[in-house]
Amino acid sequence: MDIEEWEQRHTEAFYDAKEALPYLDGMFVAYNSNIDAIRHLTEEDLSRLVGLFDEAEIQDRVAVYPREIAEPLDFVARLLISMREGKAAEVPAYTAETHEWLKEHLGFDYARMGGQAGIISNLLARLGLKKVVAYVPWLSEEQAEYFADSGNILHPKVENGQVLLKPPGEAFKPGTGSKVNWILEFSKDLKVTCAGSTFRVPRDNRLIISSRPKWIRLDMDKEIYEQLDSLLPIDGAMLSGYQMIKEEYEDGSTYNDYVEHSVKVIDKLKSLNPDLRIHVELTSIQNRVIRKAILTEIVARHVHSLGLDTVEVANALNVLGYEELSYSVIRKGENGIMSLYQGAVQLMKDLKLERVHVHSLGFYICILAKGHPLTLKEQRDALLFSSVLAAAQALNGKIDNLTEAEAGLEVPVSAKGIEDLETFQLYCTGRKLCTPDEFEYGYIYGPDHDAILIPSKVVDRPKATVGIGDTISAGAFAAMLARMKQRQAGK
Ligand code: GLC
């Protein structure tokens with residue numbers, strides 16, 4: 001694969017998307033936003049944290065693999081697991097004590113907008129979309145301040161039974177508390193010693209301690225649901241945060257109730273605009289019952305597009321009954337990328353999706369159902385656009401506007417990504433899934449699906465990793481919709 005050619009394609013795709021974006025009328029983005037308290041961990045932090053506990057106890061807890069942070073020992077254990085594997089993870093904490101403990105023993109470097117819907121809303125607004133309608137069921141006054149001050153983000157607000165769209169600063173619910181998540185970022189090569197063994201962190205990544213206050217409900221206010229048409233015109237919806245759903249609530253309701261409401265919202269959105277495309281952005285979901293329900297009951301048959309990373313592909317396959325494939329995605333190794341591809345195809349088929357976008361370090365894979373609305377070149381260019389955005393985000397830790405995003409163009413395409421794709425090319429041409437020529441363009445015309453594989457731009461020393469996946473998914477989805485609208489306009 002010619003790296004220079006991919007650089008060139010990135011540049012062209014970026015400017016093409018820039019021209020197409022003004023064709024969008026609007027995007028609806030829901031549900032989760034929170035405040036991220038971000039802390040970059042150093043080796044000193046690590047030895048201090050480990051020093052607070054008995055190392056044998058830490059080891060025992062690592063073996064237990066806690067799926068919830070009930071006490072500080074769970075936290076240190078999950079942190080060590082994440083660092084050892086270099087894998088992103090998000091673990092819930094249901095009590096305020098964890099928060100207090102972290103404040104006292106660690107503290108944070110800075111706070112910023114968090115939550116997939118919060119991050120995506122701000123990004124789309126800063127890319128200059130005409131209108132971004134954000135909806136956060138627990139919008140507090142403090143949370144509202146974290147939205148971009150760009151004038152194009154609106155949030156529904158009920159006034160005298162009427163739903164109006166207002167800037168978030170005028171739409172919050174007085175008396176609502178704030179949800180603060182802890183983001184522990186760690187860099188590649190950081191040295192960690194615990195209980196006599198030492199390892200180095202294999203790649204930049206983060207552990208998220210997600211606060212889940214009791215009052216959080218993943219739901220939509222009744223009036224807003226009933227007057228959903230007041231959000232229009234919108235071309236697409238990006239939905240996330242379903243991981244917040246619990247199996248059981250104190251008032252006797254269960255996850256089934258919240259799943260049912262979520263599906264109703266999706267159905268209503270589609271009935272209001274039959275051309276509307278719906279994307280769900282997945283994240284790490286510890287509870288397997290909830291993970292399965294989200295996939296098989298909310299995503300399957302109802303939405304068009306799914307965005308996720310490699311670990312999430314493996315976790316999704318696992319609850320859908322593809323254990324072996326799931327392990328082979330996780331184990332990576334020689335067959336890693338092949339399994340990832342097969343796994344993504346399986347998700348598209350099982351969940352009846354139009355599009356599955358997997359972001360991996362160094363390359364993206366997008367599986368498309370036959371009959372998807374654009375050419376493969378247009379689909380590819382939407383991914384390339386998002387690769388530039390991700391690079392800009394990693395480089396500067398933020399993107400204030402499209403002009404600033406151009407900084408991403410200077411970031412080189414990942415040589416490792418190219419290498420991985422070349423391994424895949426052998427597999428693919430060997431099985432006659434594609435010709436070497438098609439592959440050079442990043443296209444695969446499969447028997448029952450199409451696919452795009454692109455090498456992506458990767459920043460060597462990212463400012464932070466949190467939110468990069470959201471940037472990739474949102475950038476590509478918006479660019480795809482924008483191109484669809486541009487075509488409708490005959491351009
Ligand atoms: C999840 C986390 C949030 C973080 C986001 C980044 O939504 O809960 O803290 O900002 O992921 O993708």
Side-chain angles (χ1 to χ4, degrees), residues 1-21 127 203-204 307 309-310 336-338 340-341 344 355-368 372 374-396 399 402 404-429 433-446 450-462 468-469 471-480 482-483:
M1 285 183 121
D2 183 352
I3 204 158
E4 273 314 309
E5 191 138 20
W6 283 106
E7 296 290 2
Q8 187 57 30
R9 287 176 186 155
H10 268 93
T11 307
E12 282 163 23
F14 179 81
Y15 291 106
D16 286 349
K18 200 171 167 181
E19 262 178 46
L21 285 173
L127 294 182
R203 62 173 274 197
D204 288 65
D309 69 16
T310 312
I337 182 166
M338 275 79 109
L340 187 61
Y341 179 85
R355 176 177 184 275
V356 175
H357 180 179
V358 183
H359 43 86
S360 200
L361 191 69
F363 63 88
Y364 308 158
I365 299 179
C366 185
I367 309 292
L368 297 154
H372 64 87
L374 295 177
T375 64
L376 289 197
K377 175 174 185 306
E378 290 166 326
Q379 295 282 9
R380 183 194 73 188
D381 288 355
L383 299 188
L384 291 170
F385 172 67
S386 71
S387 158
V388 178
L389 294 186
Q393 173 72 31
L395 195 65
N396 298 325
I399 297 176
L402 262 175
E404 271 194 17
E406 285 177 20
L409 290 170
E410 303 303 320
V411 173
V413 165
S414 161
K416 174 76 173 58
I418 295 258
E419 204 181 290
D420 286 338
L421 291 185
E422 280 170 351
T423 313
F424 186 73
Q425 179 173 16
L426 292 175
Y427 164 86
C428 212
T429 45
L433 273 173
C434 66
T435 67
D437 273 356
E438 284 162 1
F439 200 84
E440 288 302 319
Y441 288 100
Y443 311 154
I444 292 180
Y445 294 93
D450 293 336
I452 306 288
L453 284 100
I454 64 151
S456 64
K457 289 177 175 277
V458 173
V459 173
D460 218 19
R461 293 264 160 217
I468 293 182
T471 304
I472 298 170
S473 292
F477 186 66
M480 177 189 86
R483 180 62 194 134

When every non-hydrogen atom of I472 is compared with those of S386, the smallest separation belongs to O-CB, 3.1 Å

Can you tell if the side chain of R355 reaches within under 4.5 Å of the side chain of M480, non-hydrogen atoms only? yes

Rounded to the nearest 0.5 Å, what separates atom OH in Y364 from atom OG in S456? 4.5 Å

Could you walk me through whether F14 and L402 pass side chain to side chain contact (heavy atoms under 4.5 Å, CB included), step by step? CA-CA 10 Å; F14 179 81; L402 262 175; 4.0 Å; yes

Whether E12 side chain and R9 backbone form a donor-acceptor pair below 3.5 Å: no

Might you work through the side chain to side chain contact (heavy atoms under 4.5 Å, CB included) test for L340 and I365, ending with a clear yes or no? CA-CA 9 Å; L340 187 61; I365 299 179; 4.0 Å; yes

With a 4.5 Å heavy-atom cut-off, do Y441 and I454 have their side chains touching? no

For L383 versus A476, what's the shortest heavy-atom pair and its separation? CD2-CB, 4.0 Å

Taking all heavy atoms of A391 and all of V459, pick out the closest pair and write down the distance. O-CG2, 3.4 Å

Would you kindly say whether H357 and S473 are connected by a side-chain donor-acceptor distance under 3.5 Å? no

Nearest-0.5 Å distance that lies between atom CD1 in I444 and atom SG in C434: 4.5 Å

E438 backbone acceptor or donor facing T435 side chain under 3.5 Å: yes

Would you find a donor on one side and an acceptor on the other, under 3.5 Å apart, between the side chain of R380 and the backbone of Y443? no

Between E19 and R483, does the salt bridge (Lys or Arg N to Asp or Glu O under 4.0 Å) criterion hold? Intermediate values first, please. CA-CA 9 Å; E19 262 178 46; R483 180 62 194 134; over 6 Å; no

Can I get a per-line list of side-chain donor-acceptor pairs under 3.5 Å for residues 414-421, giving both atom names and the distance, sequence neighbours left out?
residue : atom : partner : partner atom : Å
S414    : OG   : K416    : N            : 3.3
S414    : OG   : G417    : N            : 2.8
K416    : NZ   : D420    : OD1          : 3.0
K416    : NZ   : D420    : OD2          : 3.1

Hey, does Y15 have a side-chain heavy atom less than 4.5 Å from the side chain of E406? yes

For D450 and Y445 the tightest heavy-atom approach is OD1-CA, 3.5 Å

Could you label the plane-to-plane angle of the F424 and Y341 rings as parallel, tilted or perpendicular, counting under 30° as parallel and over 60° as perpendicular? tilted

Over all heavy atoms of both residues, which pair between I399 and A405 is shortest? Give the atoms and the distance, please. CG2-CB, 3.9 Å

Going by heavy atoms in the side chains, are D309 and V358 under 4.5 Å from each other? no

Can you name the side chain to side chain donor-acceptor pair (under 3.5 Å) partners of Q379, sequence neighbours left out? H372

d(D437 CG, T429 OG1) to nearest 0.5 Å is 11.0 Å

Quick one: does any side-chain atom of K457 pair with a main-chain N or O of A390 as donor and acceptor, under 3.5 Å? no

Looking at V413, is its backbone amide N or carbonyl O close enough to the side chain of E7 to form a donor-acceptor pair, meaning the two atoms are under 3.5 Å apart? yes

Side-chain heavy atoms of L389 within contact of L127, under 4.5 Å: yes

Which atom names give the shortest non-hydrogen contact between D2 and E440, and what distance separates them? N-OE1, 4.1 Å

Mark yes or no for whether E410, through its side chain, and A407, through its backbone, hold a donor-acceptor pair below 3.5 Å. no

Test Q8 against T11 for side chain to side chain donor-acceptor pair (under 3.5 Å), laying out the working first. CA-CA 5 Å; Q8 187 57 30; T11 307; 5.2 Å; no

Not counting sequence neighbours, which residues clear salt bridge (charged side-chain N to carboxylate O under 4.0 Å, His left out) with D381? List them please. K377

